[in-house]
Trainee: 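My structure is below; once you've seen it, I'll send some questions.
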2 protein chains.
Amino acid sequence: MHLFWEHGYEATSLAMLREAMGLTPPQIYNAFTDKETLFRKALTRYHETEIGFALEALSAPVSTREAVRRLLLGAAEAYSRPGKPGGCLFVSGALAASPQAQAIADELKAYRKASEAAIAERLAKGRAVGDLPEGLSVEGLAKYIAGVMNGMSIQARDGASVEELRILAQTALAALPAEGQNQDASSKD
Amino acid sequence: MHLFWEHGYEATSLAMLREAMGLTPPQIYNAFTDKETLFRKALTRYHETEIGFALEALSAPVSTREAVRRLLLGAAEAYSRPGKPGGCLFVSGALAASPQAQAIADELKAYRKASEAAIAERLAKGRAVGDLPEGLSVEGLAKYIAGVMNGMSIQARDGASVEELRILAQTALAALPAEGQNQDASSKD
DNA sequence: AATCTTCCATAGTGATCGATACGAAACCTG
DNA sequence: CAGGTTTCGTATCGATCACTATGGAAGATT
């Protein structure tokens with residue numbers, strides 16, 4: 001997973017995987033069928049172990065702004081963990097790919113789209129309870145938040161520290177509608 | 001350039017370049033020495049022909065906020081031009097690379113760092129003339145703006161339309177300090 | 001006009017890719 | 001302890017990578 005995270009799908013050779021896992025090629029193929037299946041296994045593992053902050057942030061019983069704050073600050077921390085590759089595997093895994101690997105690139109794109117959709121869903125919920133203005137486009141704001149996270153992923157890959165990413169996240173938060181304008185109204189019914 | 005832009009440095013094979021350029025391999029090597037030099041030529045060409053909006057935005061005689069607005073909206077348009085690959089070559093070219101291509105990845109990283117530095121320089125100038133609060137960290141804000149542009153590049157690659165990118169840019173602008181607070185003071189001396 | 005030089009496309013180079021066939025070692029059974 | 005089976009590591013597969021040597025055609029010179 002770390003190798004795919006660091007070098008991406010195509011640039012990670014079986015020789016690197018073999019050395020890192022201490023397995024012989026037949027062992028790898030017996031265990032994971034082929035390189036593509038192994039990468040997908042790494043994807044699900046990454047999803048389960050490295051980015052739990054996102055689900056936690058989006059499902060926590062807090063205000064919408066606080067949820068987004070946790071999401072962005074969680075990303076700042078997750079994208080710059082010591083000993084781990086910088087950024088997000090969903091971004092670094094295969095942003096550009098050869099025609100042969102387009103299926104992998106499409107799968108990562110689907111992951112990114114799903115993340116954005118999860119954000120949009122949380123925003124819609126927030127708008128429903130009065131956390132956000134009614135006229136606001138949750139899709140547009142979700143695309144902004146997802147975009148900021150993707151941008152943080154690249155900044156992290158370029159060596160940004162966790163503090164710098166936190167500042168970036170805090171700055172991005174300022175673009176959100178002010179909190180609490182309709183928040184009292186959420187307790188009216 | 002389009003092939004590198006679309007598929008990245010390593011995933012673009014000489015066979016693809018040969019077919020696209022209508023040249024034989026020796027012609028390619030006579031003209032460009034090797035693949036790495038050809039990619040660098042494509043980088044400079046990209047810099048000259050595709051992202052002039054950035055230099056224009058940062059050097060225009062307008063307020064700092066307007067400069068950033070032009071920068072982000074220019075990116076929205078440049079990253080989603082019809083007939084061109086989505087996103088920015090500096091991001092897509094080699095976000096993740098094999099150990100053999102790390103020199104290329106480092107070069108692209110340097111381009112991204114230079115872009116961020118150019119933004120920071122413009123912000124510092126703006127702060128000097130009172131466009132931005134004195135206590136503000138231009139490096140932090142520049143990292144945010146550069147990060148948003150990088151995020152837009154990924155959103156564009158994921159198929160975001162120019163309108164969606166414009167909305168993202170407008171949203172990102174809301175994170176900037178309000179304009180005009182010290183602007184009148186800029187005409188005092 | 002004949003020869004010589006120069007250029008250039010085809011064919012192929014070693015290296016490496018992902019993936020696998022074969023020989024050997026180990027294990028279970030009798 | 002012997003025989004049959006299964007498992008597993010090595011050596012290698014065809015394909016493709018970036019890159020280049022060689023045969024043949026075109027043009028220049030006498």
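Bear in mind that the values here come from a model prediction, so they are computed numbers and not experimental data.
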Trainee: Taking the six-membered ring for Trp and the single ring otherwise, decide whether the centroids of A:Y46 and A:F4 are under 6.0 Å apart.
Mentor: no
Trainee: Do B:F32 and B:F39 make the cut of ring centroids closer than 6.0 angstrom?
Mentor: no
Trainee: To the nearest Å, give me how far apart CD (B:E19) and P (C:dT10) are.
Mentor: 14 Å
Trainee: Quick one about A:S92 and A:R157 (side-chain donor to acceptor, distance below 3.5 Å, no hydrogens or angles considered), yes or no?
Mentor: yes
Trainee: Do any N or O atoms of the protein come closer than 3.5 Å to N or O atoms of nucleotides 17-21 of chain C, and which pairs are they?
Mentor:
unit_1: C:dG18; atom_1: OP1; unit_2: A:T12; atom_2: O; d: 3.3
unit_1: C:dG18; atom_1: OP1; unit_2: A:K35; atom_2: NZ; d: 2.8
unit_1: C:dG18; atom_1: OP2; unit_2: A:L14; atom_2: N; d: 2.8
unit_1: C:dA19; atom_1: OP2; unit_2: A:Y29; atom_2: OH; d: 2.8
unit_1: C:dA19; atom_1: OP2; unit_2: A:K35; atom_2: N; d: 3.1
unit_1: C:dA19; atom_1: O5'; unit_2: A:Y29; atom_2: OH; d: 3.3

Trainee: Does a donor on one side chain and an acceptor on the other come within less than 3.5 Å for B:T24 and B:R18?
Mentor: no
Trainee: Tell me the interatomic distance from B:L23, atom CG, to D:dC19, atom P, rounded to whole angstroms.
Mentor: 15 Å
Trainee: Can you check the A:I28 CD1 to D:dT10 C1' distance for me, whole Å?
Mentor: 14 Å
Trainee: Ignoring hydrogens and angles, state whether a donor on the side chain of B:N150 or B:S153 is under 3.5 Å from an acceptor on the partner side chain.
Mentor: no
Trainee: Atom CZ of B:R18 to atom C1' of D:dC19: distance rounded to whole Å?
Mentor: 13 Å
Trainee: If the cut-off is 4.0 Å, is B:Q27 near the phosphate of C:dA9, judged by side-chain N/O to OP1 or OP2?
Mentor: yes
Trainee: I'd like to know if the side chain of A:R127 reaches the main chain of A:P133, judged simply by a donor and an acceptor atom lying under 3.5 Å from each other, with no hydrogens or angles considered.
Mentor: no
